[in-house]
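Below is one structure; the comments refer to it alone.
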4 protein chains.
Amino acid sequence: MPLRDDTSPPQPPAPMRPARPTRVASAAARATLREEPARPARTNDPERTMAEILAAATQEFAAKGLDGARIDAIADATRTSKRMIYYYFGSKEKLYRTVLEEAYRRMRETEAGLHLADQPPEAALARLVDFTFEHHWQNQDYIRLVMTENILRGEYLAQSRIIQKLNVPAIAAIRELYERGVADGVFRAGLDALDLHASISALCFFNVSNQHTFDLIFKRDGSTPRALAARRASIVDMILRHVRA
Amino acid sequence: MPLRDDTSPPQPPAPMRPARPTRVASAAARATLREEPARPARTNDPERTMAEILAAATQEFAAKGLDGARIDAIADATRTSKRMIYYYFGSKEKLYRTVLEEAYRRMRETEAGLHLADQPPEAALARLVDFTFEHHWQNQDYIRLVMTENILRGEYLAQSRIIQKLNVPAIAAIRELYERGVADGVFRAGLDALDLHASISALCFFNVSNQHTFDLIFKRDGSTPRALAARRASIVDMILRHVRA
Amino acid sequence: MPLRDDTSPPQPPAPMRPARPTRVASAAARATLREEPARPARTNDPERTMAEILAAATQEFAAKGLDGARIDAIADATRTSKRMIYYYFGSKEKLYRTVLEEAYRRMRETEAGLHLADQPPEAALARLVDFTFEHHWQNQDYIRLVMTENILRGEYLAQSRIIQKLNVPAIAAIRELYERGVADGVFRAGLDALDLHASISALCFFNVSNQHTFDLIFKRDGSTPRALAARRASIVDMILRHVRA
Amino acid sequence: MPLRDDTSPPQPPAPMRPARPTRVASAAARATLREEPARPARTNDPERTMAEILAAATQEFAAKGLDGARIDAIADATRTSKRMIYYYFGSKEKLYRTVLEEAYRRMRETEAGLHLADQPPEAALARLVDFTFEHHWQNQDYIRLVMTENILRGEYLAQSRIIQKLNVPAIAAIRELYERGVADGVFRAGLDALDLHASISALCFFNVSNQHTFDLIFKRDGSTPRALAARRASIVDMILRHVRA
DNA sequence: CATGAATGAGGCTTCATTCAT
DNA sequence: CATGAATGAAGCCTCATTCAT
């Protein structure tokens with residue numbers, strides 16, 4: 001996850017409502033053609049099949065939320081059938097939970113890759129904010145899954161045993177960084193690491209999550225490289241001013 | 001719109017299925033009609049009927065999002081029938097759009113009630129942030145509607161002609177306030193009012209929107225008066241440090 | 001009811017599905033405008049109101065059939081409200097029956113206006129066929145009502161007392177005409193007047209009733225003046241050859 | 001497709017709600033599964049399921065038209081559920097279109113079975129008219145579907161790609177037949193084959209399509225073998241006189 | 001006479017899920 | 001493992017009709 005100097009365009013937002021082709025066509029066609037068409041062939045590789053389903057499901061749930069997502073749409077985006085989804089994941093809700101877990105897991109993994117201890121506190125904090133801003137912008141699916149989960153009041157996250165274990169490092173890294181800064185005399189004392197984390201998250205998250213309504217209301221385009229760079233710089237600056245001694 | 005010194009407990013998150021309110025007392029008029037069965041009581045007051053539907057719909061859409069909401073649930077929370085929803089609003093999506101428009105309209109109206117020009121810039125800005133934080137926390141339905149609309153990529157907000165007119169004042173007030181501060185020498189120059197607004201919004205919005213996942217992951221309760229007060233103070237401080245000369 | 005030499009274009013087929021404007025607009029508008037708009041004013045003329053309703057209903061039933069017709073659409077095409085339809089006609093079905101009766105009555109009246117006895121048999125028969133062809137083409141609403149009624153297997157016509165009385169003249173006129181021709185030696189004997197009437201009706205009716213499928217299948221346009229004139233001439237010729245001695 | 005000398009009684013007009021056929025005898029296969037509840041018996045034979053739906057839909061649409069038809073009624077006349085109709089046909093309108101296409105296809109197939117080239121022109125023409133008369137009387141469902149489609153102004157036929165290809169033979173056969181007759185000197189020259197086809201169709205179609213109103217108005221029963229034979233003879237005669245040299 | 005508001009019943013359609021092979 | 005066929009429950013929406021004023 002390299003940290004680029006310029007904000008490159010994000011993943012293209014998935015098209016709104018991909019019309020699922022009616023069954024009629026194929027059924028009617030078969031009636032006349034009288035032979036089974038070339039199906040994508042079975043995988044026979046459970047790992048891969050599951051991964052494929054998860055990828056498709058991630059996209060669909062991120063695009064439409066839990067209630068808006070369609071099992072059919074997920075199946076159609078896969079080389080397997082709807083039956084496999086139930087075979088491997090049991091239900092729509094369990095699939096959603098797995099998608100959510102995977103998204104969080106990947107995020108934490110990424111965070112762990114940041115080596116903030118290598119740099120002086122101020123540079124490390126700048127890098128952290130910068131990275132978070134970029135990461136959120138590049139991973140809009142993740143952001144949207146978190147939005148969805150909050151619409152659901154955290155119902156499924158609460159059910160997940162897995163997640164509640166791999167999240168400590170994130171806050172620990174920030175705390176360590178902050179305390180190092182205080183010790184060095186570059187950061188002022190008395191701040192709460194969790195509060196700091198909340199601020200960084202809020203600023204970076206909102207930039208993705210609320211982009212549509214914000215842009216519409218203020219009739220602007222916040223997704224241009226220039227706008228993103230300006231916003232990112234502003235956020236980094238704000239956080240640094242906030243903690244600086 | 002008094003600004004309290006302490007953060008009072010927020011509106012209780014609406015119960016999933018708000019219990020239908022017990023029959024209103026004004027049923028005394030019924031006394032003339034002997035032995036009428038327990039029918040829902042015909043309002044014949046369109047204004048009220050529409051308002052009642054809108055209120056129920058606001059709750060339901062805020063609670064579940066557009067796709068999760070159920071027209072039946074909305075009707076059940078009303079003294080009218082499902083049929084009337086279609087009589088007045090035409091479709092689920094049009095009802096949702098109206099709910100969204102009303103929510104934005106109320107929010108803007110509230111903002112207009114703030115008289116920031118009466119105070120010195122720094123106090124006015126503090127008041128603005130403070131107010132925004134409080135207002136968002138007190139109006140979680142509004143926040144959730146905006147979240148839902150962003151999940152829908154602003155599809156319905158984009159359709160609304162009404163909304164795109166009453167939102168200029170918000171940013172104008174901030175700009176005026178900021179420029180006054182610069183002129184007074186208390187704010188540093190070179191900042192963008194819209195960027196400032198984005199920061200305030202992000203910090204206050206996230207505090208409501210992401211509370212569930214945030215609390216779950218960090219195993220804390222951010223909704224206690226103490227936690228809210230601390231967070232609010234931190235945000236006010238951060239914004240002030242950001243703009244101070 | 002002049003008999004033209006050339007086939008003029010028929011009444012324009014009513015547009016397929018006139019979208020009834022949703023109520024929302026007006027209801028929402030009222031909420032802001034706060035005063036009743038200028039309504040078309042009440043007629044206070046029952047005769048005229050009924051006639052207006054019947055006219056609108058004739059169009060709607062002819063355009064869509066009994067089941068396809070919408071009471072709302074009829075009301076909207078009138079200066080009165082839906083309530084008046086029920087006030088004057090009791091139900092959709094009774095309204096339909098009345099429309100049907102009126103259509104038949106007008107048709108018979110028209111037929112009675114033909115003075116076939118004034119001319120020699122062959123010319124009179126030619127005129128009759130010619131007239132029927134024209135009349136059917138010019139009164140497509142009537143044709144479509146008869147089609148609809150046949151789809152309903154004559155259910156409503158069977159209920160109508162009124163109709164079963166004014167229809168004898170039609171066949172009587174043909175019979176008289178035919179017998180005059182036989183007496184004159186220009187028509188061959190042994191034919192049945194009702195059978196003759198059936199043939200004339202069939203040829204002229206089909207030209208209107210089946211125009212859409214016929215034109216589509218044979219990729220032609222049977223509604224041009226040229227095509228109509230040719231078809232009319234062919235039918236007249238066929239009938240005359242059929243009866244000529 | 002034998003050509004009978006006498007007009008046999010037609011198919012009984014389908015009962016409004018065709019009673020669901022008593023469970024088929026082949027339920028013997030059930031013997032292995034002990035104590036299964038009375039479920040509709042899962043076919044798992046798509047070909048058959050589709051065919052069954054189409055058959056029921058043909059009846060229903062022919063009986064009531066597009067708007068009058070009920071999806072529930074169609075489902076009830078089938079061993080499958082309403083859900084399967086949507087599984088295979090997507091929507092009521094698509095089902096209707098398919099029914100229409102199938103009806104036309106069967107009709108054209110039947111026509112193709114007539115070997116008019118084997119006989120001398122006059123006999124062949126007589127046979128053609130005779131056959132058409134019989135065929136229309138025997139296939140009232142087809143007639144009624146065409147009536148319905150004309151009430152809809154050919155909206156669905158226009159959408160069908162399939163149909164517009166298999167209908168040329170019909171008119172080609174007549175043209176060939178007519179030209180043979182002209183060459184033989186038994187038919188007069190100068191007629192248009194399409195016009196001739198229109199006349200035959202009109203006379204035979206009307207005999208079915210308008211039977212209800214016609215019989216009611218003239219207080220007769222045109223469906224007796226005697227009446228049908230007389231009418232058929234009259235039509236054959238009329239067409240032959242029309243073309244004879 | 002006239003009107004806008006209101007309604008119950010029923011229509012079409014969709015969805016997550018399971019069964020038979 | 002995998003698939004196409006099948007399904008019950010429920011969702012949104014419409015319609016003819018009636019009520020209160």
Side-chain angles (χ1 to χ4, degrees), chain A residues 20 23 26-27 30 36 39 41-46 49 67 69-75 79-88 90-93 95, chain B residues 39-47 49-50 67 69-73 75 79-88 90-93 95, chain C residues 20 23 26-27 30 36 39 41-46 49 67 69-75 79-88 90-93 95, chain D residues 39-47 49-50 67 69-73 75 79-88 90-93 95:
Chain A
R20 191 166 71 91
R23 210 105 208 183
S26 69
R30 179 146 35 81
E36 288 306 308
R39 258 248 145 205
R42 43 199 275 182
T43 334
N44 263 353
D45 179 349
T49 299
D67 286 305
R70 295 290 166 260
I71 290 282
D72 271 300
I74 295 170
R79 267 173 311 184
T80 58
S81 75
K82 207 162 29 161
R83 186 67 189 79
M84 283 299 94
I85 294 173
Y86 284 90
Y87 185 79
Y88 286 120
S91 75
K92 186 189 186 183
E93 306 207 338
L95 176 58
Chain B
R39 247 199 306 140
R42 185 187 180 102
T43 326
N44 250 47
D45 178 347
E47 222 68 14
T49 301
M50 286 179 72
D67 286 305
R70 293 290 164 260
I71 289 282
D72 270 301
R79 262 170 312 184
T80 59
S81 72
K82 194 166 41 162
R83 185 62 191 75
M84 292 314 290
I85 294 173
Y86 288 91
Y87 184 71
Y88 284 117
S91 73
K92 186 187 186 183
E93 304 206 340
L95 176 59
Chain C
R20 190 166 70 91
R23 210 105 210 186
S26 71
R30 179 146 36 77
E36 287 307 305
R39 256 249 146 205
R42 42 199 277 180
T43 334
N44 264 351
D45 179 349
T49 299
D67 286 306
R70 295 290 165 260
I71 290 281
D72 271 301
I74 295 171
R79 266 173 312 184
T80 58
S81 75
K82 207 164 27 162
R83 185 66 189 78
M84 284 298 92
I85 294 173
Y86 284 91
Y87 185 79
Y88 285 119
S91 74
K92 186 187 186 184
E93 305 206 340
L95 175 59
Chain D
R39 248 198 305 140
R42 186 189 180 102
T43 325
N44 251 48
D45 179 347
E47 223 67 15
T49 300
M50 285 178 72
D67 286 306
R70 294 289 165 262
I71 289 281
D72 270 300
R79 261 171 313 184
T80 60
S81 73
K82 195 167 38 160
R83 186 62 191 75
M84 292 316 289
I85 294 173
Y86 287 89
Y87 185 71
Y88 283 116
S91 73
K92 186 186 186 184
E93 305 206 341
L95 175 60

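Sequence lines set the chain letters: A, B, ... in the order given, protein chains first and strands last, and positions in each chain run from 1.
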(request) Indicate whether OP1 or OP2 belonging to E/dA6 is found under 4.0 Å from a side-chain N or O atom of B/Thr49. (result)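 Checking E/dA6 against B/Thr49, a side-chain N or O does come within under 4.0 Å of OP1 or OP2.
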(message) At less than 4.0 Å, is any side-chain N or O atom of C/Arg70 found next to OP1 or OP2 of F/dA16? Yes or no.
(response)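 Yes, such a contact exists.
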(request) Searching all strands shown, indicate the nucleotide that pairs with E/dG10 (Watson-Crick or G-U wobble; both distances under 3.5 Å). (result)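 For E/dG10, the partner nucleotide comes out as F/dC13, under the 3.5 Å rule.
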(request) May I ask which nucleotide in the shown strands pairs with F/dT3, Watson-Crick or G-U wobble, both distances under 3.5 Å? (result)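 Checking every strand shown, F/dT3 finds its partner in E/dA20, with both distances under 3.5 Å.
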(message) Quick one: does any side-chain atom of D/Lys92 pair with a main-chain N or O of D/Tyr86 as donor and acceptor, under 3.5 Å?
(response)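 No, because the side chain of D/Lys92 does not come within donor-acceptor range (under 3.5 Å) of the backbone of D/Tyr86.
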(request) Pick base, sugar-phosphate or nothing for B/Ala75, based on heavy-atom distances below 4.0 Å to the nucleic acid. (result)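 Since no nucleic acid heavy atom lies under 4.0 Å of B/Ala75, the category is nothing.
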Would you kindly give the [atom1]-to-[atom2] distance between [X] and [N], to the nearest whole Å?
X: D/Met84; N: E/dT14; atom1: CE; atom2: P; value: 15 Å
X: C/Ile85; N: E/dC1; atom1: CD1; atom2: P; value: 16 Å
X: C/Lys82; N: F/dT17; atom1: NZ; atom2: P; value: 10 Å
X: B/Ile71; N: E/dG11; atom1: CD1; atom2: P; value: 21 Å
X: D/Tyr87; N: F/dG4; atom1: OH; atom2: P; value: 8 Å
X: C/Arg83; N: F/dT18; atom1: CZ; atom2: C1'; value: 7 Å
X: B/Asp67; N: E/dT13; atom1: CG; atom2: P; value: 20 Å
X: A/Tyr86; N: F/dA6; atom1: OH; atom2: P; value: 19 Å

(request) Could you check D/Ser81 against B/Asp72 and say which one's nearest nucleotide on DNA chain F is further toward the 5' end? (result)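 Per heavy-atom nearest nucleotide, the more 5' residue is D/Ser81.
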(request) Using heavy atoms to find the nearest nucleotide of DNA chain F for B/Ala69 and C/Gly90 separately, return the residue whose nucleotide is more 5′. (result)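 Nearest nucleotide further toward 5': that of B/Ala69.
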